[in-house]
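Here is the structure we will look at.
Basis for what follows: all heavy atoms, side chains included, without hydrogens, waters or symmetry-related copies.
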Amino acid sequence: MSEDTAAVPARTQGRAPAAKETGIAGLLGSAAGRNTGLVVALVLLCAGGVVTAGDRFADIDNVLTILRLAAVIGVVSIGMTFVITGGGIDLSVGAIVALSSVWATTLATQGMATGTHWIVMVFTALLVGGACGLVNGVLIAYGRVVAFIATLASLAAARGLAEIISNRKTQIVNVPGFAAFFDASVLGVPVLVVIFALVAVGGWVLLNRTTFGRRTFAVGGNPEAARLAGIDVRRHTVMLYSLLGLCCGLAAVMLIARTTTGSATHGGLYELDAIAAVVIGGTLLSGGRGTIAGTVFGVLIFTTLSNVFTLNNLSISAQAVAKGAIIVVAVLLQQRLARRSGA
Amino acid sequence: MSEDTAAVPARTQGRAPAAKETGIAGLLGSAAGRNTGLVVALVLLCAGGVVTAGDRFADIDNVLTILRLAAVIGVVSIGMTFVITGGGIDLSVGAIVALSSVWATTLATQGMATGTHWIVMVFTALLVGGACGLVNGVLIAYGRVVAFIATLASLAAARGLAEIISNRKTQIVNVPGFAAFFDASVLGVPVLVVIFALVAVGGWVLLNRTTFGRRTFAVGGNPEAARLAGIDVRRHTVMLYSLLGLCCGLAAVMLIARTTTGSATHGGLYELDAIAAVVIGGTLLSGGRGTIAGTVFGVLIFTTLSNVFTLNNLSISAQAVAKGAIIVVAVLLQQRLARRSGA
Amino acid sequence: GNTPQNTGGGTNQGGARVANDEPGKKVVIGFSAPAADHGWMAAITNAAKAEAGKYSDVELKVVEGTNDVNLQISQVETFINDKVDAIVLLPFDGAALTPVALKAMKAGITVINVDREFDSPFAARSTVLGDNYGMGVSAGTYVCDRLKGKSDAVVAEIAGIDSLPLTQDRSKGFADALSGCGLKVANRVAAEFTVESGERAAANLLQAARKIDAIWNHDDDQGVGVAAAIKNSGRGEFFMVGGAGSANVMREIKADNGPHKATVIYPSTQGADGIRLARLAVQGKALGDLVEVEVPREVQLFAPVVTKDNVDRYLPTAFES
Amino acid sequence: MTVPAAALLSVRGLVKRFPGVTALGGVDFDVRAGEVHCLLGQNGAGKSTLIKVLSGAHRPDEGEIRWRGEVVSFGNPTAAMRSGVAAIYQELDLVAGLSVADNVFLGHELSTAGFTRRAEARRRTRALLDRLGHPDIAPDRDVGRLSVAHQQVVSMARALSLDGQLLIMDEPSAVLDPDEVRVLFGIIRELTAQGVAVVYISHRLAEIREIGDRVTVLKDGRTVATGLPAREVRTAELIALMTGRDIDNVYPDRPPVDPAAPEVLVVRGLTDGDRFRDVDLTVRAGEVVGLAGLVGSGRSEIVETVYGARKRVGGTVEVDGRPLRRGGVGPAVRAGMGLCPEERKSQGLLLDQAVYRNITMSSMSSFARFGFLDDRAERTRSAALTAALDVRPAGVDRVVRGLSGGNQQKVVLARWLLRECRVLLLDEPTRGVDVGARNEIYELIRELATRGVAVVVVSSDVEEVLGLADRVLVVREGRVVHDGPADEIDESRVLDLVMEGHAA
Ligand SMILES: Nc1ncnc2c1ncn2[C@@H]1O[C@H](COP(=O)(O)OP(=O)(O)OP(=O)(O)O)[C@@H](O)[C@H]1O
Ligand SMILES: Nc1ncnc2c1ncn2[C@@H]1O[C@H](COP(=O)(O)OP(=O)(O)OP(=O)(O)O)[C@@H](O)[C@H]1O
Ligand SMILES: [Mg+2]
Ligand SMILES: [Mg+2]
């Protein structure tokens, strides 16, 4: 037992110093520096993939497969990074994705979209997602319901609503142009991956380069100080949840594109996946510290893990055990290395 | 916007003043006082049950059914109250219940139990549960892995292990005496309900009347202050998770008795149910404040809710929507009333 | 040798053994199914693996079961990248996995769709289906038979995961068959295909209905819990019909000492059948007992009722939940 | 009372109630442009609450605030800031995890279309910090990693960045060393010369004489005197106004330490490999040893390391002749050591727990039989202690968060008074404690010493160290540069030692 570290396991952990960030180079440099452990874990994972699956892993198609898989949950995780950094939590993301996907694919919406443009579906999904987020935010900030409980309630309600609207049937999309747009590639990169990248970069800028981002840290780190500094903590909280809701709406659009369906079962357990990616990335669950780059690494670690497993034909139960072990190792690595590079 | 409440939505909520508690009368009095809102919510729910389902609800058998249903998740939730009060979280409870149930019902264990006494099965489950909790605690306190991640990893690993051990089959119990003991009643009260009551009372005493409980509050409220006051925060953290592990082991025994089986699918989503019951009961997710009575009410509210729904033959989707709404109402009630009785 | 060793307890007791079993060109098959979060689903994967193990010319790749369509799509994509010969796919949601199945077919991979149907006929070479609606009809017909003449009989239903289309098909078949004899479902609850959820749902159901004549439970795996709840309640005025057909319940039917008097089979061998079909289709062989020289487009399995009288016939292929 | 038309701010009949407490029960006072208006009052008198009402952080229940002659109601801090009111709060409310520059401009960020102008913010922060005499604080540093003193400086920079007409400072000097207080006063004079009004709160009467123009005294939430001339009014009169009684002798008598008394705490060659090296420290039973030094000189680190709360790299610590194992706080506490940490909020208190639970935290086992606690005994003993320390409002079931800063400090002290220690380490024990209570704390420390406890006191108040301690150690940059009896050294000599090599 070493006494200097005895303090607070969860809180002292991973408090890296504010790195000096300047420009895009700074973005990459600092992201890599603070996330050494995650990068190392990801590289180890990839090395494992190459060793066990050789070319089948290191293939460009396989990499795109990993990225496409990461895209949907990635967008949700970016939004979740904001909420968690702001001291909150949202358990309803999966349900919001489901509800948005269902609402955007009802006969009525599709009919409208066919009559005008498929973009109508996209707006519907974003609107529904954003509205759900707004409700969460208002309940939490103004109703003062604990975030965990408020979003647990939304989880139940949104999924129930999705089932009622869809009558528990999978709704198939047949709006012309919709699938074509999202199935396309830009310079060989699938549109879904491009969207993920844009959201990640946009999220990074928003969190690290704008007053909105600064205030998010303040609201999460010390809400009382934020209030005394003149920040409207409650309004900001509402904005954070609405932002996450929008991300869920966008994720719903991406999922509709990927599956050509909307369904009340979409997004199952996304809450756990997203929170896990965010936390493994180094965002503090208690708020006040958050990193978009870490979240992206977290998402990639999880998706690469399942890809390597898929390629290797391991026994399914053994996969679960291995997954647990790998998560712990990744986190320990990140801690040890972040501390070294930090101090 | 009233300024003195504006601060931190999640944290200021439900901070009732430390009531003066003395003796058993104090227990009941203070429990009811601080939980007025929960009591009212439960009473409303029961009133709803009586109105919609009449005698079928207000029947002693039905009440026992509700209590029996509450017993298993109740025991887990009591343990969870300690961990959350101590500033932690455990996502692996369901998986630990599954693993304990499987381990205690393997052919080997059952063979041993048949040869000696069924109590062997009970000890096996408790031992497995306690050991899992110990691992969680050590990872978190000494390995300094964030609780959320550490127990997420345990969740994956424990369920995988349970699947491997059981080969994904449901293991049926045929040890003589085991079922008979747990199916019995004491003065008309089923043994499972008696166990739940004992755990609840024991938990209350432990949390509110012992140095262990007091340390739990300290560790959860301000770990640094606790450390400087001479409390071994890390050892205490390990004890908290081990205690929860034991509760999971006991819950596994109760579940085996109820279903006459051990299975890797047992305990699905217990983590969410238990955390929800604890938090709705008024324990702060950020630690430092916890109430066993609140947790018991929380568990009862959720089980009564699903009982009333079933009696009314409601569709599952409608149930989900209603559930979301009722959770929010219960929490808002509790807040408003606790504040009034507090001030 | 390549001839399947059939040492009892196997899953293909009823299967034909003909020249088709002679080793042919090597076939790599990818297999993906939803999460094995209940006994039947676990049995599907286990049976598929066991079946593949019997053929020296089959290499099976089994991936982690998942209820996340996004992940399942990416698993199929990985199979496509991997250039497997065939994919046996039990999709979590048939419609949602259709695009990627189409993609696989376009890439020249033989896709065998199992249990939950794609919404495009071009997405699979062959489809092996259970008969969910038929299952409900079989169960309802049996209940009608046993309750003959009791027009006021109380029939209860314990469904599986209510958000799945298959559950609705089963319920619809059950309701349709019951209405044929003037009965209807008086109480309906839904569980989640697990022992524990079955116990919980049944405990509440038994409170909701004071007197019951018949219960149909969609799934024998959750049925273990249902039986435990019935035992706890001390009630026995009704008979129970199971679903899916686990060995457990069949033994109980055979012993005739519990509430179960019958069960309706929903074959857990579909995955295994899918493996066989995939192998044959890739090797260009046909089904032995058909005159047809190609593997058929669609195979729909029958949902027979198992009672004390015919249980011996079905017990060997039943799954151990 | 004549209110000159020039009153920038005038307050009449201000009332603020909290559940169960009336923090302000009718406050009247005026602040003129260009003056330094001092607020005096005992702990819990309502000073901080008044500040929070004036800066829009609390809304008053009754009363009237006039700003430049017009009735205003600052519904939130932003409204107050816009009007030109800037405040430095007593409990430094900075956001750990954000950089210094971010904290300085939090809430009024320099931005273009929502994007922060970071270089500009850094540059301006740099300038503000330089002006405050702290070129050593980097604008990029995480505020959470600064010492309390440096955090205080950041708070001041923040207040200055607002360019207010009225600057309110709630005990800004509590964590500063004399040198820094001088810089602070320089800035205050500069500001007042420009017509800015300053409301200044401090428990140090000497400071008030030096910087103040007029004084308002609060007692139990009411104004008992206002507009007193700060330089003329007699100390005894102020104390009598604040406390309602006369306090003459601040420091208690020092009975000579028995040279044969056993050496209870012996520290040899203590090194932490970072902040300090080769520290020797010996404290006899009944002796009070003071550690003087500049903020940041490493005194806190020394006592924390002695206590086991920080890693000891080299050296030995003995209590009653028995060497202390390394490995956390446990061994130290078991050996009879106690530490009152420097930052009461983050290191000392369970803010949401009752007072008595905070007090008995370190002595729980003495109230327990077989692990079961005797609640009633805990309350009784705690009540006795809080009465002795005059914690207000009384009531051991109160939640600590609702207490004023000084009263919170007393609760931490009570904890170690309860646990009859062999060695007591006190880090800034009187920070934020009022004159009356300060006197009581001195008496208590002395009484403990006469009972044979070895006491170490860290304080930034040199006068206090000299008045209270038997022996004084001066620490400079992690080294002990002087060790001798307190009556053989005077304040200016200590300051010399402390500053040596410092470009003051
Ligand atoms: N948020 C709150 N809730 C309840 N009571 C409070 C709260 N804030 C302050 N009080 C009470 O108001 C009174 C005045 O407190 P305040 O902090 O203004 O005192 P102060 O004069 O600044 O004392 P000190 O010199 O110790 O800082 C105290 O009795 C305190 O207990
Ligand atoms: N956790 C930390 N990490 C890095 N630097 C730190 C940390 N804590 C303190 N420091 C630095 O150590 C220096 C010493 O601060 P500290 O206040 O502890 O000294 P001190 O001698 O006890 O002063 P005083 O007690 O008078 O405030 C400060 O400059 C501060 O920036
Ligand atoms: Mg104050
Ligand atoms: Mg210090």
* Could you tell me which portion of Val224(C) (side chain, backbone, both or neither) has an atom closer than 4.5 angstrom to a non-hydrogen atom of chain B? => both
* Which bit of Asn187(C) is near chain B, if near means a heavy-atom gap under 4.5 Å: side chain, backbone, both or neither? -> both
* Any chance NZ of Lys61(C) has more than 12 other-residue heavy atoms, nucleotides or ligands included, within less than 6.0 Å? -> yes
* Over 12 non-hydrogen atoms of neighbours within 6.0 angstrom of CH2 in Trp40(C) -> yes
* To do: Answer yes or no: is there an ion pair linking Asp61(B) with Arg235(C), defined by an N-O contact shorter than 4.0 Å?
  => no
* Asked: Heavy-atom distance under 4.5 Å to chain C: side chain of Tyr270(B), backbone, both or neither?
  -> side chain
* Asked: Can you name the one residue among Asp221(C), Asp220(C), Thr194(C) that meets side chain to side chain contact (heavy atoms under 4.5 Å, CB included) with Thr170(B)?
  -> Asp221(C)
* Under the side chain to side chain donor-acceptor pair (under 3.5 Å) rule, what pairs show up with a residue in residues 62-80 of chain B, not counting sequence neighbours? -> Asn62(B)-Asn307(B), Thr65(B)-Gln207(C)
* Residues, nucleotides or ligands: over 12 heavy atoms within 6.0 Å of Lys254(C) NZ -> no
* **Atom group of Leu206(C) that falls short of 4.5 Å from chain B, counting heavy atoms** => neither
* Asked: What part of Ser317(B) gets closer than 4.5 Å to chain C, counting heavy atoms only: side chain, backbone, both or neither?
  -> neither
* To do: Report the C-alpha distance between Leu311(B) and Asn204(C) in whole Å, list the side-chain angles of each, state the deciding distance to 0.1 Å, and finish with yes or no for side-chain contact (heavy atoms from CB on, under 4.5 Å).
  => CA-CA 7 Å; Leu311(B) 291 181; Asn204(C) 274 327; over 6 Å; no
* When rounded to the nearest 0.5 angstrom, what is the spacing between CZ in Arg200(C) and OG1 in Thr303(B)? -> 10.5 Å
* Which of the residues Val195(C), Leu205(C), Asn232(C), Asp162(C) is involved in the greatest number of heavy-atom pairs with chain B at under 4.5 angstrom? -> Val195(C)
* Structure fact -> Exactly one of Thr261(B), Thr265(B), Leu255(B) clears side chain to side chain contact (heavy atoms under 4.5 Å, CB included) with Glu196(C), and that residue is Leu255(B)
* Structure fact -> In terms of heavy-atom contacts, Arg56(B) and Ala208(C) come closest through NH1-O, 2.6 Å
* If you count heavy-atom pairs under 4.5 Å between each of Thr310(B), Thr260(B), Asn312(B), Ile172(B) and chain C, which one has the most? -> Thr310(B)
* Does the side chain of Asp59(B) reach to within under 4.5 Å of the side chain of Arg210(C), using non-hydrogen atoms? -> yes
* To do: Under the side-chain contact (heavy atoms from CB on, under 4.5 Å) rule, what do Glu320(C) and Asn167(B) come out as? Steps first, then yes or no, please.
  => CA-CA 10 Å; Glu320(C) 291 289 347; Asn167(B) 196 19; over 6 Å; no
* Asked: chain B heavy atoms under 4.5 Å from Ala186(C): which part of the residue, side chain, backbone, both or neither?
  -> backbone
* Trace of the side-chain contact (heavy atoms from CB on, under 4.5 Å) decision for Val72(B) with Glu199(C) -> CA-CA 12 Å; Val72(B) 179; Glu199(C) 200 271 350; over 6 Å; no
* Asked: Hey, which of Ser263(B), Ala257(B), Ala53(B), Gly267(B) has the most heavy atom pairs under 4.5 Å with chain C?
  -> Gly267(B)
* Residue Asp152(C) excluded, over 12 heavy atoms near CG under 6.0 Å -> yes
* Structure fact -> So, the part of Ile66(B) with a heavy atom under 4.5 Å from chain C: the answer is neither
